[in-house]
Amino acid sequence: AQSVSQHNHHVILSEAASLELGCNYSYGGTVNLFWYVQYPGQHLQLLLKYFSGDPLVKGIKGFEAEFIKSKFSFNLRKPSVQWSDTAEYFCAVTKGSSNTGKLIFGQGTTLQVKP
Amino acid sequence: EPEVTQTPSHQVTQMGQEVILRCVPISNHLYFYWYRQILGQKVEFLVSFYNNEISEKSEIFDDQFSVERPDGSNFTLKIRSTKLEDSAMYFCASRGSGLEQYFGPGTRLTVT
């Protein structure tokens, strides 16, 4: 069955540190890839998405992610985190062939940024 | 900016009772979804809905669950006879012609 793995459950960083959150998926066909963020007390918001084309995608708030097809990975990066980046981050995938577009989520990574 | 809304934000119910969770998707969206997240676990797909019918459902979505779009704006999830294990955060999402889904704030369902 298709699955998504996020390697880090809980990450603690100081402000200005660089961030990389890992995401791997298990599906051999075409995929659409997403990162969602959930700030404390708020709903899931789309950070960035990849459908096709340039494998390095830029999202909101200085985040970017790189799709590496050979590694089935879609890692999220930010060069310098801020305290306001404290949130839970979810990687999600849909099959490119899916008519319904259902999302399959990773288990989430809690990021805590210390001021 | 248009948003998906959900009511109530928190619902407490007794085991065996029926609950209806309500969602108002973004107005020009065509695809609607329910997901749930049990505390400490992944966000899981429950059901997708398009053109007034279920387009896909997960094995979680058994006969106790149903969805409806009773009018042009609401999208509801009904659980007929709640169990303790139905306690979770339930998220509604919608999408338009693009592939990205927009999520509501969730309803926390507590079954006692």
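Chain identifiers are assigned alphabetically (A, B, ...) following the order of the sequence lines, protein sequences preceding nucleic acid strands; residue numbering begins at 1 within each chain.
The candidate with the highest count of non-hydrogen atom pairs below 4.5 Å against chain B, out of A:Gly101, A:Ala92, A:Gly108, is A:Gly101.
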- [ ] Please test B:Phe45 against A:Ile104 for side chain to side chain contact (heavy atoms under 4.5 Å, CB included), starting from the C-alpha separation and ending with a verdict.
- [x] CA-CA 7 Å; B:Phe45 167 79; A:Ile104 299 187; over 6 Å; no
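Under a hydrophobic clustering in which Ile, Leu, Val, Met, Phe, Trp and Tyr are joined whenever their side-chain heavy atoms come within less than 4.5 Å, directly or via other members, B:Leu77 and B:Ile54 fall into the same cluster. B:Leu39 and B:Val43 fall into different hydrophobic clusters, where Ile, Leu, Val, Met, Phe, Trp and Tyr are joined by side-chain heavy atoms under 4.5 Å apart, directly or via other members. Both B:Leu109 and B:Phe65 sit in one connected hydrophobic cluster of ILVMFWY residues. Membership requires side-chain heavy atoms under 4.5 Å apart, directly or through other members. Taking hydrophobic clusters as Ile, Leu, Val, Met, Phe, Trp and Tyr residues chained together by side-chain heavy-atom distances below 4.5 Å, A:Leu47 shares a cluster with A:Val113. Cluster membership check: A:Val4 shares its hydrophobic cluster with A:Val11, using side-chain heavy-atom separations under 4.5 Å among Ile, Leu, Val, Met, Phe, Trp and Tyr.
In this structure, chain A has no heavy atom under 4.5 Å from any part of B:Phe49. Proximity to chain B (any heavy atom under 4.5 Å) is restricted, for A:Leu46, to the side chain, taken from C-beta onward.
The structure places CG of A:Leu33 at 11.5 Å from CG of B:Leu99, a figure rounded to the nearest 0.5 Å.
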Between chain A and chain B, which N and O donor-acceptor pairs fall under 3.5 Å? A table would be great.
{"from": "A:Val4", "atom 1": "O", "to": "B:Lys42", "atom 2": "NZ", "distance (Å)": "3.0"}
{"from": "A:Tyr36", "atom 1": "OH", "to": "B:Gln101", "atom 2": "N", "distance (Å)": "3.3"}
{"from": "A:Tyr36", "atom 1": "OH", "to": "B:Gln101", "atom 2": "O", "distance (Å)": "2.7"}
{"from": "A:Lys49", "atom 1": "NZ", "to": "B:Glu100", "atom 2": "OE2", "distance (Å)": "2.8"}
{"from": "A:Thr100", "atom 1": "O", "to": "B:Tyr33", "atom 2": "OH", "distance (Å)": "2.4"}
{"from": "A:Thr100", "atom 1": "OG1", "to": "B:Glu56", "atom 2": "OE1", "distance (Å)": "2.5"}
{"from": "A:Gly101", "atom 1": "O", "to": "B:Gln101", "atom 2": "NE2", "distance (Å)": "2.6"}
{"from": "A:Lys102", "atom 1": "NZ", "to": "B:Glu56", "atom 2": "OE2", "distance (Å)": "3.0"}
{"from": "A:Leu103", "atom 1": "N", "to": "B:Tyr35", "atom 2": "OH", "distance (Å)": "2.9"}

